[in-house]
Each structure stands twice: as structure tokens, then as C-alpha cells.
> 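Structure below; questions to follow.
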There are 2 protein chains.
Amino acid sequence: MSVQERKERKRADRERLIVATARELAEQQGWDAVTTRRLAERIEYSQPVLYSHFRGKREIIGAVALAGATEMAAALRAAGSGADDRRARVAALARTYLEFAERNPAVYDALFQLDGGLAFAREDTPEPLKDAFAALLETLGEVAGEGVHPGLFTELFWSALHGLATLTRAGRLLPEGAEQRLDLLVERLAAL
Amino acid sequence: MSVQERKERKRADRERLIVATARELAEQQGWDAVTTRRLAERIEYSQPVLYSHFRGKREIIGAVALAGATEMAAALRAAGSGADDRRARVAALARTYLEFAERNPAVYDALFQLDGGLAFAREDTPEPLKDAFAALLETLGEVAGEGVHPGLFTELFWSALHGLATLTRAGRLLPEGAEQRLDLLVERLAAL
DNA sequence: GCCTCGACCCTAGCATCGCTAGACAATCGA
DNA sequence: TCGATTGTCTAGCGATGCTAGGGTCGAGGC
């Protein structure tokens, strides 16, 4: 069985390599540059190998998204840990979210802009995605305010963050006002 | 000169036909289905004709976006006119925005998701885009609150709307809570 | 130690994409 | 009426996602 195991390990390694390479390429040159040919060349295999791991490009994007979600959840949890009062915690959370989006645009796109074939807001939603939302909920749930459903409030706050992230990166909002918009968001939306 | 004029008129007609057809096709089957071949076939001309009007597919998307922006601005202005108090006006504005996004997903994508080669938040931003933002500003500016820059507040509110629109349509948010999220947004963000 | 068989991977190719060159036809001005 | 210009089409280029089919190489039985 050792032979079998070794093979499986190599396969798993290669799959991780594919995902990591796709992410790297996407961050460097954008998702448009992530073609199956280029990706295959970078991992030093032929194209069909990709299709032995994933159904198609969509699934590769989905895999990058899942890996990114795990990372994002961790970052969001780390953000609030240092702060003492709720206001600072919420502000840190929001700032961390926007920073993550800015520093990992390709991953952010894979998560929320592109079609990675992932299910959202459902029973069969992959665990990392649920967990990332849970990370938001942990901090935001306690500033939802009297009689407001924590989940619903988190969805709204998240939407605002998502809007800021995407519009800023697409050049629809100038980066200059970013800090002020963030302050205003926390000030108004959170029930402190 | 009449001959010249007739030609120019025909050209302009055809250009409008291209934009309208692209929009129609995109709304029916999504932007992926809007290929230069299919579009050419629908307008009953060959592909190169498209390139005599537009530099490429990007510009066609941009043209659809501009037409949509004009329409959106009109819808947003009409939204607030009926309401008497500021709260109702803001709520109507937000509802109209989200409805427009839901009913014209392809146009909304052309405006804010896809690359139509348009300049935003700059001097040379096309008039329709500026005007759509101005329509938001007219209603939202007066609920920005004491000492808050109206433009900045509008940007934030817009971001929230944009986040709600895109996340809902992408299946990231369930439509069930839409009404409550909208109410909460208006309640919290606007200084009434 | 050899030989068979199956897992693995690559070459080659398909349909489709955005875009363009060059030939052809129609129309205008002289 | 003829030449030139304008307009349009056919055909094709490179690139895309994806797949079929053949070949290679190593594991396991004798």
C-alpha cells in the first residue's frame, strides 16, 4: 500500500501546486492571463493533467477561492483580537477586510466576482466560505443593535465593505477618501 | 449635402441598432453570449462592420453602459419626486437602484462589473456617468449629516447599494432578506 | 528476472473567440 | 461614362477551453 500512498501524496502535492500557481499567476497578471496553456507550462505538465484534477478552469478558480477564504477568515479573526472596545474591533475588522481585498485582488475576485462554481448561502456551501462569514459575524453580531438580526446586519455590513472594495479597485472610487468612508461606515452602521 | 446627411443618419441608426442588440442579447443570454459573430448575425451585417463603429467589444460594452447610465439616472430622479419626507425619498431611491440592477443585470454589469473602457471619478468621465452619480447625490446629499461631506456620504451609500446588488445577484445573499437589509441601510446610514 | 497489463501523460486537434487583411461591389464626382 | 472613393464581405490569424487517442513506463504475477 505504500506505493499507492506515495502516488496519492504526489497527486495531492501536484494539485496544491496547480492552485498555488494559478493564484500566483492571477495576482501577477490578472485572471485573464491564467490560461490552461500557461498554467500547464508553469507547473511543467501538459494541459490534460489539469483536467485530471479539475473539471475545468472554473473549478480551479473555485479552488483558489476556497484557499483564499480560509486565509481571509484567519485574517479577520486576527484583526479583532487586539482591540479592547467594540468600536475599535469593528474598525479593525473593516480595515482588514478592505486590505485583504486590496492586497489579494485575484483571490478576492475568485471569491466574489468570478464564477468558481461555488454554492453560497446554502446548506452545501463549502466550510471555508461559511467560516469566513462566521468570522465577520463574530465581531459584527454584537453591534447589530437592539432587535436587529445579527446575520442580517452582518450581511448588510459585508455588502458595504464589498461595495467599497470592488468600486475602489475598479477605479469607480478614488482611494483618497478610503479612510473617511471607512470611518463613516463604522460610525453609522454599527450600533455602538 | 443631403446625400451625406442621409448616410450619416443611416450610420447612426446602425450604431444604435448595434448597441440595442448587444444589450438585448446580453440581457437574454448573458454577456458571454455576446460574441462579435452572433452580434453581427443579429444585426444582419458581417463582423467587420462592428469594427467600423467601435474599436472592439470593450467599446460596445461601454456604449451599452452609457445608454444604461442615462436610463438609470432618469429612474433615480423619478424615484424621489413623489415622496414627501426625506426618509421616504431615500428609501425610494435605494429601492429603485436595486430594482434597476435586478431588472437590467446586463446593463448593470456593463456599468460596474465589466471593463467598458470608461473613465470614472475623473475629469473626462462621460456625462451620463457623472449624471447618474449626481442623481444619487441630489437625494443623498441632504441626509449626509452634520459635517459630513455629501459626496463622500453618497459614495459610501452607493457602495452599500452596489454591494447588495452584486452579492444578491451572484447568489451570495438570499433574496428573502432584501427588504429588511434595505430598511436597515436607510435607517442607519442616513442622518434623518 | 521477465513479461504483461494498467495507470499515467503527452501530442494533436476541435470548435470558438476577438480581431484584421485584402478582395469585391456599389456609389459618388467629374 | 469612367475613375475613385466608400462601403462591405470572405477568409484567415493567433489564442482560448477542452478532449480524443496513442504511447510510455512502472508495478505486480509468474
Side-chain angles (χ1 to χ4, degrees), chain A residues 1-19 21-23 25-26 28-65 106 109-110 114-118, chain B residues 1-19 21-23 25-26 28-65 106 109-110 114-118:
Chain A
M1 270 303 167
S2 171
V3 177
Q4 189 77 3
E5 283 175 8
R6 194 195 61 210
K7 280 195 179 182
E8 282 173 12
R9 214 165 38 237
K10 284 207 114 189
R11 246 192 93 78
D13 282 349
R14 194 173 60 181
E15 189 156 317
R16 273 190 292 274
L17 175 64
I18 292 173
V19 176
T21 307
R23 174 175 178 171
L25 195 49
Q28 284 171 359
Q29 310 180 34
W31 276 106
D32 278 352
V34 184
T35 70
T36 54
R37 279 170 179 77
R38 253 193 289 265
L39 185 50
E41 195 186 5
R42 283 229 185 174
I43 64 167
E44 296 182 315
Y45 280 99
S46 69
Q47 280 180 279
V49 166
L50 300 174
Y51 292 86
S52 77
H53 288 271
F54 302 96
R55 251 182 233 281
K57 195 180 170 180
R58 259 177 54 155
E59 272 198 5
I60 297 178
I61 295 173
V64 171
D109 281 346
L114 303 175
D115 179 14
L118 301 175
Chain B
M1 268 302 169
S2 172
V3 177
Q4 189 78 1
E5 282 175 9
R6 195 194 59 209
K7 280 195 177 181
E8 283 172 10
R9 213 164 40 236
K10 283 208 114 186
R11 246 192 93 78
D13 282 349
R14 194 172 61 179
E15 188 156 317
R16 273 190 293 273
L17 176 64
I18 293 173
V19 176
T21 306
R23 173 175 178 171
L25 194 50
Q28 283 173 358
Q29 310 181 33
W31 276 107
D32 279 351
V34 184
T35 69
T36 55
R37 279 170 180 75
R38 255 192 287 264
L39 186 50
E41 195 186 3
R42 283 228 184 176
I43 64 167
E44 296 181 314
Y45 281 98
S46 68
Q47 280 179 280
V49 166
L50 300 175
Y51 292 86
S52 78
H53 288 271
F54 303 97
R55 252 180 230 281
K57 195 180 170 181
R58 261 178 52 156
E59 272 197 6
I60 297 178
I61 295 173
V64 171
D109 280 346
L114 302 174
D115 178 15
L118 301 174

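Order of the sequence lines fixes the chain letters, A, B, ..., with proteins taken first and strands second; residue numbering starts at 1 for each chain. In this text the structure is predicted, and so the values were computed from the model without any measurement. Atom set for the values below is all heavy atoms of this structure, side chains included, hydrogens, waters and symmetry mates excluded.
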> Looking at Leu114(A), Ile18(A), Val19(A), which one forms a side-chain contact (heavy atoms from CB on, under 4.5 Å) with Val64(A)?
Val19(A)
> Quick check: closest heavy atoms across Gln47(B) and Ala40(B), and the distance to 0.1 Å?
N-CB, 3.6 Å
> Is it the case that more than 12 heavy atoms not belonging to Arg11(B) sit under 6.0 Å from its CZ atom?
yes
> Using a 4.0 Å cut-off on protein heavy atoms (strictly under), produce a 5'-to-3' string for nucleotides 7-13 of chain D with B for base contact, S for backbone-only sugar-phosphate contact, and - for none.
-SBB-B-
> Any side-chain N or O of Thr36(A) under 4.0 Å from OP1/OP2 of dC18(D)?
no
> Would you give the length of the straight line joining atom OG1 of Thr21(A) to atom CG of Leu50(A), rounded to the nearest 0.5 angstrom?
9.5 Å
> How close do Ala65(A) and Leu118(A) get, counting heavy atoms only, and between which atoms?
CB-CD1, 3.8 Å
> Between Ala63(B) and Phe54(B), what is the shortest heavy-atom contact and its length?
CB-CE2, 3.8 Å
> Rounded to whole angstrom units, what separation is found between the CD1 atom of Ile43(A) and the C1' atom of dC10(C)?
13 Å
> To the nearest Å, how far apart are Leu50(A) CG and dT19(D) C1'?
13 Å
> More than 12 heavy atoms of other residues, nucleotides or ligands under 6.0 Å from CG of Asp13(A): is that the case?
yes
> Can you sort out the partners of Glu41(B) under side-chain contact (heavy atoms from CB on, under 4.5 Å), two or more places apart, ordered by chain and number?
none
> When the distance from CG of Leu39(A) to P of dC18(D) is rounded to whole Å, what number comes out?
12 Å
> Expressed in angstrom and rounded to an integer, what is the separation of Arg6(A) atom CZ from dG28(D) atom C1'?
14 Å
> Which parts of residues 54-61 of chain A get close to DNA chain D, meaning a heavy atom less than 4.0 angstrom away?
Gly56(A), Lys57(A)
> How close or far is atom C1' of dG22(C) from atom OH of Tyr51(B), stated in whole angstroms?
17 Å
